[in-house]
Amino acid sequence: MLNSLFKFYLLPFEFPFSTFAAMEHIIYNVTVSLDPSIEQDWVNWMRTVHIPDVMATGCFLESRMSKMNNEEEGACTYAMTYVAYSQNHLEDYQSNHAGRLQVEHKGKYEGRFAAFRSTLNVIQHFTHEER
């Protein structure tokens, strides 16, 4: 019953991990802590300018903007999660687009944010099927 509710996407495990990872999507996560005084302007700019510009590079399948829960009072932290088509697409983004986009962000909000970037290899994807 449980297996009928979920789709499992796996590559055969006989692939070496490096080959396996290269064939899967890569998550590129950017966590940004903001000065609360710029939150509304920043969220609007991210939604209408920055994230659309990142997606227009053609390097990412999808993106999500999330606000962190359970923060200390006055804290303001967001995570932008982008799903790259492949490691090559992420490398293209980092080599040819990220610098320009980060300079635009820094120029607009310099001194009022701190950013942390990380990448993750997707090794398995689960989805829920509608009944």
Side-chain angles (χ1 to χ4, degrees):
M1 174 75 171
L2 185 59
N3 285 341
S4 68
L5 295 177
F6 294 93
K7 290 181 185 175
F8 296 94
Y9 298 98
L10 292 172
L11 290 174
F13 281 100
E14 50 269 14
F15 285 103
F17 185 76
S18 60
T19 301
F20 176 78
M23 296 174 66
E24 288 290 320
H25 295 144
I26 307 295
I27 295 173
Y28 175 57
N29 187 76
V30 182
T31 303
V32 180
S33 294
L34 302 170
D35 176 332
S37 69
I38 66 166
E39 181 178 16
Q40 291 309 311
D41 181 69
W42 183 87
V43 167
N44 183 58
W45 184 77
M46 290 296 289
R47 285 179 170 160
T48 61
V49 178
H50 187 76
I51 293 172
D53 286 351
V54 171
M55 295 304 294
T57 67
C59 299
F60 299 101
L61 170 68
E62 64 183 37
S63 62
R64 288 185 175 88
M65 181 180 191
S66 307
K67 184 171 183 183
M68 295 189 83
N69 294 328
N70 303 323
E71 293 187 295
E72 294 180 22
E73 190 172 329
C76 186
T77 304
Y78 287 81
M80 274 58 58
T81 305
Y82 303 95
V83 179
Y85 289 102
S86 67
Q87 182 65 40
N88 288 341
H89 285 90
L90 179 60
E91 290 170 4
D92 175 48
Y93 173 76
Q94 291 173 324
S95 297
N96 299 311
H97 307 285
R100 169 183 56 83
L101 294 166
Q102 290 170 10
V103 164
E104 289 174 8
H105 184 267
K106 184 178 179 181
K108 188 159 178 64
Y109 298 105
E110 188 163 16
R112 297 177 287 172
F113 75 95
F116 171 77
R117 293 168 180 81
S118 58
T119 61
L120 303 103
N121 291 317
V122 176
I123 59 170
Q124 190 169 358
H125 183 142
F126 302 88
T127 60
H128 183 268
E129 289 184 11
E130 295 289 326
R131 291 186 189 188

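With sequence neighbours excluded, no residue satisfies side chain to side chain donor-acceptor pair (under 3.5 Å) with Ser66. Annotation: side-chain contact (heavy atoms from CB on, under 4.5 Å) contacts of Asn96 (sequence neighbours excluded): Asp92. Qualifying side chain to side chain donor-acceptor pair (under 3.5 Å) partners for Asn88, counting only residues two or more places apart in sequence or in other chains: none. Tyr28 meets the side chain to side chain donor-acceptor pair (under 3.5 Å) test with Arg117; sequence neighbours excluded. Here Arg64 pairs with Glu62 under the side chain to side chain donor-acceptor pair (under 3.5 Å) rule; sequence neighbours left out.
Residues Val32 and Met80 form a side-chain contact, since some pair of their non-hydrogen atoms from C-beta on lies under 4.5 Å apart.
Residues Val30 and Met55 are members of one and the same hydrophobic cluster, defined by side-chain heavy-atom contacts under 4.5 angstrom among Ile, Leu, Val, Met, Phe, Trp and Tyr. Hydrophobic clustering (side-chain heavy atoms under 4.5 Å, transitive across Ile, Leu, Val, Met, Phe, Trp, Tyr) groups Phe113 together with Met65.
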Just list the side-chain donor-acceptor pairs under 3.5 Å for residues 46-53, sequence neighbours left out, or say none.
residue, atom, partner, partner atom, Å
Thr48, OG1, Asn44, O, 2.8

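Atoms CZ and CD1, on Phe60 and Ile26 in that order, are 10.5 Å from each other to the nearest 0.5 Å. Interatomic distance, Leu61 CG to Tyr85 OH, rounded to the nearest 0.5 Å: 5.0 Å. Here CD of Gln87 is found 11.5 Å from NE2 of His89. Values are rounded to the nearest 0.5 Å. Here the straight-line distance linking atom OG1 of Thr57 with atom NE2 of His97 works out to 5.0 Å at 0.5 Å rounding. Rounding to the nearest 0.5 Å gives a distance of 8.5 Å between CD of Gln102 and CD of Gln94. In this structure, the separation between OH on Tyr82 and CG on Leu90 is 12.0 Å, given to the nearest 0.5 Å.
In this model, a donor atom of one side chain and an acceptor atom of the other lie less than 3.5 Å apart for Asp41 and Tyr109.
Remark: Lys108 does not engage Glu104 in a salt bridge, criterion side-chain N to carboxylate O under 4.0 Å.
Across Thr31 and Met68, no two heavy atoms sit closer than the pair CG2-SD, 4.3 Å. What you find for His25 and Val83 is that their closest heavy atoms are CB-CG1, 3.6 Å.
The aromatic rings of Trp42 and His105 lie perpendicular to each other, with more than 60° between the two planes, well past the 30° mark.
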